[in-house]
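Structure record follows, encoded as structure tokens.
Note that the structure is predicted; figures quoted are calculated from it, not measured.
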Amino acid sequence: MTTYVAAIDQGTTSSRVMVFDAALRVVSLAQREHRQICPEPGWVEHDPAEILRNVQDLAAQALREAGIEAAQLAAVGIANQRETAVLWDRSSGRALGNAIVWQDCRTESLVRDIVQRTGPQGWRERTGLPPANYFSACKLQWLLRRHPGATQAAARGELLFGTIDAWLAWNLTGGPEGGQHVCDVTNASRTNLFDIHRLQWDREICEALGVPMACLPRVVSTSQRIGSIRDGALAGAQLAALVGDQQAALIGQACFAPGQAKVTYGTGSFLLMHTGERAAPSASGLLTTVAYRLDEQAPCYALEGSIAVTGSLVRWLRDNLGLIATAAEIEDLARSVPDNGDVYFVPAFSGLFAPHWRPDARGVLVGLTHFAHRGHIARAALEATAFQVQEIVAAMQRDSGMKLRDIKVDGGMSANSLLMQFQADLLDTPVIRPVCGETTALGAACAAGLAVGVWSDTDELASHWQAQRRWEPAMPGAERERLLRRWQQAVQRALDWSQPQS
């Protein structure tokens, strides 16, 4: 009998459900976008009820297309957008308003308050993270303050907090009727409330931020049996993995050894490097995070660099400016010019993330002359992604003391050959794209399958990984250095733009 594993990949702009077989081949895929709600400048929200409905509908569609029933699934895994925060009522299951998305920057005043009390590094020794809008802690703090009586209700256990993995797991395993209120170590490590060394919520930090620990989920391993799904098309299947999307991609790219790294080009872009069972501190603006934990084994850690805007910049050119009709058109438009014409686009729409961590930055387009036209803007937008990734790789190599031999890539923009070649040129490092580009869903499926014995260990999983294409660096060193100097000039012009908000 054929063995199947399903993965729910709940991302920033869409949700998808995929079914894989034991050879990690894609059997079916169903996908649907959800609304991006922006009620004020710098605010980004999602409707958690809409996300849950989409996941339920997509699960039914994926099973139909695979020609199987839930009873034929060995396990189900969930990968999710990580820092997005939801607060909901335990009895009714209704969320208290929309989820606050990881890109949102409404909490600047709360971050400033933490910095004033603790210094710019905050509780970084324990959490691996600096104070920033990006992480969930300040989002939860804002939600508790927004709704009268919420803090008291949370302290009584009447309100539940979670990232999207917790929201989906709770609803799928029963919701108000006994649902499992859990999140995994990778998602917990992105809240700034979690001690990544002791693998538990930090009471001192929670008390300092006014976060009642009674509302926090139970923390589980990335790969372990959690419980039976009780609702929807997946009812009866075993939920056996929860994992943040970028850590899922690290697993899906078979980066199981220290020193291996991957870049995911999505709404934002994320580079993770496996550092083994040691949580490596960063002196270069990177994050120290939990890479994964497989059942009762020791956790593995990673260094991470996060970029807020990459793929979403292409969507912005399409939806806000009408520069292109479809995202796929940007490569041809960028190829219509031989170079960027000295035009640079710094897409700091939500500030700059790693390695700068400048919430005051805002997007700038510089170097415009009468010579520049839409092709140069398209090329500058694509190159902005590669420049930002290069900054993170340079920081990562400084922190780790290693030069990466190659970089594995995935996500929507990895299909763009112009960008991938430019990325290899800027990094002076080979760039490798796998056969299966759905590495986030694949990683969730791998983690779930490991928990129930579909695969015996990570070596067996790695044996299934295959490269599809490889790009070798071809740019002269002098040209690379010139471009990087100009990019740094452009970044300086993006800083100190946003005014403090109360």
Holding to side-chain contact (heavy atoms from CB on, under 4.5 Å), I want the full list of residues that pass it with [X], two or more places apart in sequence or in another chain.
X      : answer
Ala462 : Ala254, Phe256
Glu207 : Arg203
Pro48  : Val86, Ala95, Asn98, Ala99, Trp167

Report yes if the side chains of [X] and [Y] come closer than 4.5 Å at any heavy-atom pair, otherwise no.
X      : Y      : result
Val17  : Leu234 : no
Met18  : Asp9   : no
Thr191 : Phe135 : no
Leu24  : Leu461 : yes
Asn133 : Asp104 : no
Leu216 : Val211 : yes
Val185 : Thr222 : yes
Arg90  : Leu159 : no

Taking [X] for the side chain and [Y] for the main chain, is one N or O donor matched with an acceptor at less than 3.5 Å?
X      : Y      : result
Asp195 : Leu199 : no
Ser221 : Ser223 : no
Ser228 : Gly236 : no
Arg433 : Ser414 : yes
His34  : Asn54  : no
Thr439 : Leu442 : no
His181 : Phe161 : yes
Arg94  : Asp89  : no
Gln10  : Ile78  : no
Glu460 : Ser456 : yes

Could you walk me through whether Tyr134 and Leu287 pass the side chain to side chain contact (heavy atoms under 4.5 Å, CB included) check? CA-CA 12 Å; Tyr134 183 22; Leu287 308 178; 4.1 Å; yes
Scan side-chain atoms only and decide if [X] and [Y] contain a donor-acceptor pair under the 3.5 Å cut-off.
X      : Y      : result
His197 : Glu125 : no
Ser14  : Gln31  : yes
Tyr301 : Arg293 : no
Asp399 : Ser282 : yes
Thr186 : Tyr292 : no

Begin from the C-alpha positions of Thr127 and Leu193 and carry the test side chain to side chain contact (heavy atoms under 4.5 Å, CB included) through to its verdict. CA-CA 7 Å; Thr127 67; Leu193 298 170; over 6 Å; no
List for me each residue that meets side chain to side chain donor-acceptor pair (under 3.5 Å) alongside [X], sequence neighbours excluded, and say none if there are none.
X      : answer
Glu438 : Arg16
Gln56  : Asp231
Arg156 : Glu158

Enter the distance from [X]:[atom1] to [Y]:[atom2] here, rounded to the nearest 0.5 Å.
X      : Y      : atom1 : atom2 : answer
Thr163 : Glu83  : OG1   : CD    : 8.5 Å
Ile164 : Cys183 : CD1   : SG    : 12.0 Å
Thr275 : Gln260 : OG1   : CD    : 12.5 Å
Ile251 : Thr458 : CD1   : OG1   : 10.0 Å
Leu73  : Ile229 : CG    : CD1   : 8.5 Å

Run the side chain to side chain donor-acceptor pair (under 3.5 Å) test on Thr13 and Arg315 for me, step by step, so that the C-alpha distance in whole Å, both residues' side-chain angles and the decisive distance to 0.1 Å come before the verdict. CA-CA 11 Å; Thr13 58; Arg315 190 169 64 249; 4.7 Å; no
More than 12 heavy atoms of other residues, nucleotides or ligands under 6.0 Å from CD of Glu69: yes or no?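 Check fails, neighbour count at 12 or below.
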Other residues, nucleotides, ligands: >12 heavy atoms within 6.0 Å of Glu177 CD: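 Open.
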Can you name the ring pair (Phe, Tyr, Trp, His ring centres under 6.0 Å) partners of [X], sequence neighbours left out?
X      : result
Trp142 : Trp43
Trp170 : Trp88
Phe20  : none
Trp201 : Phe194

Test: Glu304 and Arg190 ion pair at under 4.0 Å: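 Result for this pair is yes, salt bridge flagged.
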Using 4.0 Å as the upper bound for N to carboxylate O, is an ion pair formed by Arg126 and Glu204?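 The answer is yes: the pair qualifies as a salt bridge.
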Of all the heavy-atom pairs spanning Ala7 and Ala445, show the shortest one and how long it is.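 Here Ala7 and Ala445 meet closest at CB-N, 4.0 Å.
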Tell me, which pairs form a salt bridge (charged side-chain N to carboxylate O under 4.0 Å, His left out) where one or both residues lie in residues 51-66, sequence neighbours left out?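 The answer is Arg32-Asp57.
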Donor-acceptor pairs under 3.5 Å, side chain of residues 263-270 to any protein atom, not counting sequence neighbours: which ones?
| from | atom 1 | to | atom 2 | distance (Å) |
| --- | --- | --- | --- | --- |
| Thr264 | OG1 | Gln246 | OE1 | 3.4 |
| Thr264 | OG1 | Lys262 | NZ | 2.7 |
| Thr264 | OG1 | Asp410 | OD1 | 2.6 |
| Thr264 | OG1 | Asp410 | OD2 | 3.4 |
| Tyr265 | OH | Gln423 | OE1 | 2.9 |
| Ser269 | OG | Thr310 | OG1 | 2.8 |

Between Arg405 and Thr429, does the side chain to side chain contact (heavy atoms under 4.5 Å, CB included) criterion hold? Intermediate values first, please. CA-CA 7 Å; Arg405 292 184 300 173; Thr429 301; over 6 Å; no
Side chain to side chain contact (heavy atoms under 4.5 Å, CB included) between Ser136 and Asn192, worked out: CA-CA 7 Å; Ser136 308; Asn192 229 337; over 6 Å; no
Kindly indicate whether a cation-pi arrangement holds for Lys139 with Trp102, taking the cut-offs as under 6.0 Å to the six-membered ring centre and within 45° of the axis.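 The answer is no; the distance or angle limit is not met.
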